[in-house]
Amino acid sequence: MVATIVGCALCGAETADAQVCGKCVVELSHMLHHLAVRLPDLRVIAAKKASVMVRESRHGSRTVAPVPVNVGAWQLQQSIVEYAVQLGKALGLHIVRVHAESLLGVAAKRAQRLMSRNDAVQIYKLAETAVHRLDKQLEPPAERVLIGQCDHCGNDIWSSEDDLAAGWQPCSCGHTVNIHQVQEQQMFSLALSGAQGTAADLSKLLKGCGIEVRRLTITQWKNRGIIKQVSQQEGHPVFLLWDVWQALNR
């Protein structure tokens, strides 16, 4: 039987009876291995926590957990872990209490099997995006902060002081984003989890997203009745992140 020559769904190279060529299979394996090796470094960055708390859902229960100062690293870590879990399921692995690094390592060795699936292109593109975002987190652009993601393509938006002052910034996809809207979406995603903290901790978290709100300003908003405290932490008033964001943009 003569093999049918088709084009690779990813790079267009000729491949026999397969939707993805051998070169792209090897590239996926390298990317998954890279994620497995560098994920622990990302965990270190994401573990630098403030005392801002969010409520996370686990099997129907609600637990309180601290939000890192580096929100971008924390969110990327969660995204990569979820990706690893989905790869494990795609490979039929027993994934209970298995670290994402281990799942990614196994997936790297079984890249050929992953690339034989109907969703091979999506698996490859997700790995490609994760590697790009991970490398940016580990070696961030000089004097830039991660304010959120492009609403057009999902790429991370790293802004300089000039970008923040201008209010608009081109994304690598060519789409021009409204910086305020990107920041608001970032705040909204945290607010959905009920993010809250002291004036000092919220000020620190917001600064990491390119938003300048002084601790004293938040305290003044409380004294003027613009925002209300929802609890206390070691004698200091605790406020909802979304209330502070709304006060800033009232």
Side-chain angles (χ1 to χ4, degrees), residues 10 27-49 52-111 113-138 140 146-158 173 182 185-195 205 208-209:
L10 288 164
E27 183 61 29
L28 175 68
S29 179
H30 289 167
M31 289 191 294
L32 294 177
H33 177 72
H34 182 72
L35 291 175
V37 171
R38 301 307 303 272
L39 181 55
D41 297 326
L42 180 66
R43 290 188 190 278
V44 171
I45 297 174
K48 295 178 180 178
K49 297 170 181 174
V52 178
M53 311 298 286
V54 297
R55 295 196 173 277
E56 298 180 327
S57 177
R58 290 289 186 274
H59 305 295
S61 63
R62 301 276 283 179
T63 58
V64 177
V67 174
V69 174
N70 191 325
V71 176
W74 178 61
Q75 292 176 329
L76 178 58
Q77 175 190 302
Q78 291 181 313
S79 177
I80 292 176
V81 169
E82 178 58 27
Y83 176 58
V85 169
Q86 293 306 316
L87 290 179
K89 290 180 178 178
L91 292 168
L93 303 178
H94 183 66
I95 59 177
V96 177
R97 296 181 181 177
V98 177
H99 288 296
E101 289 87 337
S102 298
L103 291 173
L104 290 166
V106 172
K109 296 176 181 178
R110 303 184 185 180
R113 182 174 169 186
L114 289 170
M115 289 295 91
S116 67
R117 290 171 53 90
N118 292 332
D119 56 353
V121 172
Q122 183 181 13
I123 289 173
Y124 185 97
K125 293 295 185 182
L126 287 172
E128 197 172 44
T129 299
V131 167
H132 178 73
R133 294 181 64 192
L134 175 62
D135 289 346
K136 275 286 189 70
Q137 277 290 346
L138 299 180
L146 176 58
I147 65 167
Q149 285 72 44
C150 172
D151 59 0
H152 186 72
C153 70
N155 285 339
D156 288 338
I157 302 296
W158 291 83
C173 72
V182 172
Q185 185 59 41
Q186 184 87 303
M187 294 301 102
F188 185 65
S189 65
L190 289 171
L192 287 175
S193 299
L205 183 143
C209 299

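Just so it is clear, the structure is predicted and the values come from calculations on it, not from any experiment.
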Practice task
Check whether any side-chain heavy atom of V71 sits under 4.5 Å from a side-chain heavy atom of Q186, and report yes or no.
Solution key: yes
Practice task
Mind listing the closest non-hydrogen atom pair of V182 and G148 along with its distance?
Solution key: CG1-CA, 3.6 Å
Exercise for the section: For side chain to side chain donor-acceptor pair (under 3.5 Å), just list the numbers for H34 and D135, CA-CA rounded to whole Å, side-chain angles, deciding distance to a tenth of an Å, and then say yes or no. Expected result: CA-CA 10 Å; H34 182 72; D135 289 346; 2.8 Å; yes
Practice task
Tell me, please, which residues at least two apart from K89 pass side chain to side chain contact (heavy atoms under 4.5 Å, CB included).
Solution key: V85, Q86, I95
Practice task
Measure across L104 and A36 and return the closest heavy-atom pair with its distance rounded to 0.1 Å.
Solution key: CB-CB, 3.7 Å
Problem - Partners meeting side chain to side chain contact (heavy atoms under 4.5 Å, CB included) with L42 (sequence neighbours left out) - result: L39, A73, L76, Q77, I80, L134, Q137
Practice task
Sequence neighbours left out, what passes side chain to side chain donor-acceptor pair (under 3.5 Å) with N155? Give chain and number order.
Solution key: S172
Completion exercise
Rounding to 0.5 Å, atoms CE (M31) and NE2 (H132) come to a distance of 13.0 Å
Completion exercise
Across all chains, not counting sequence neighbours, the side chain to side chain donor-acceptor pair (under 3.5 Å) partners of E101 are R43
Problem - Residue pair G72 / L146: nearest heavy atoms and the distance that separates them - result: CA-CD2, 3.6 Å
Problem - M115 versus Y124, closest heavy-atom pair with distance - result: CE-N, 4.2 Å
Exercise for the section: Check whether any side-chain heavy atom of Y83 lies under 4.5 Å from a side-chain heavy atom of I123, and answer yes or no. Expected result: yes
Handout entry: Residues in side chain to side chain contact (heavy atoms under 4.5 Å, CB included) contact with R110, at least two apart in sequence or another chain
Key = L91, L93, V106, R113
Problem - S29 side chain to A108 backbone, donor-acceptor under 3.5 Å - result: yes
Problem - Within-4.5 Å side-chain heavy-atom neighbours: Q149 and R133 - result: yes
Handout entry: Verdict with supporting geometry, L138 and I45, side chain to side chain contact (heavy atoms under 4.5 Å, CB included)
Key = CA-CA 8 Å; L138 299 180; I45 297 174; 3.6 Å; yes
Fill in the blank from the handout: Nearest heavy-atom contact between L103 and G88 is CD2-CA, 4.3 Å
Handout entry: salt bridge (charged side-chain N to carboxylate O under 4.0 Å, His left out) partners of D119, counting only residues at least two apart
Key = R117
Exercise for the section: Give a yes or no on whether the backbone of Q75 and the side-chain of S79 come within a donor-acceptor separation of less than 3.5 Å. Expected result: no
Handout entry: Distance (rounded to the nearest 0.5 Å) between E27 CD and E128 CD
Key = 8.0 Å
Problem - Non-hydrogen side-chain atoms of D156 and I147 separated by less than 4.5 Å - result: no
Fill in the blank from the handout: Closest heavy-atom pair, C209 versus M187, reported as atoms and distance to 0.1 Å, is SG-CE, 3.8 Å
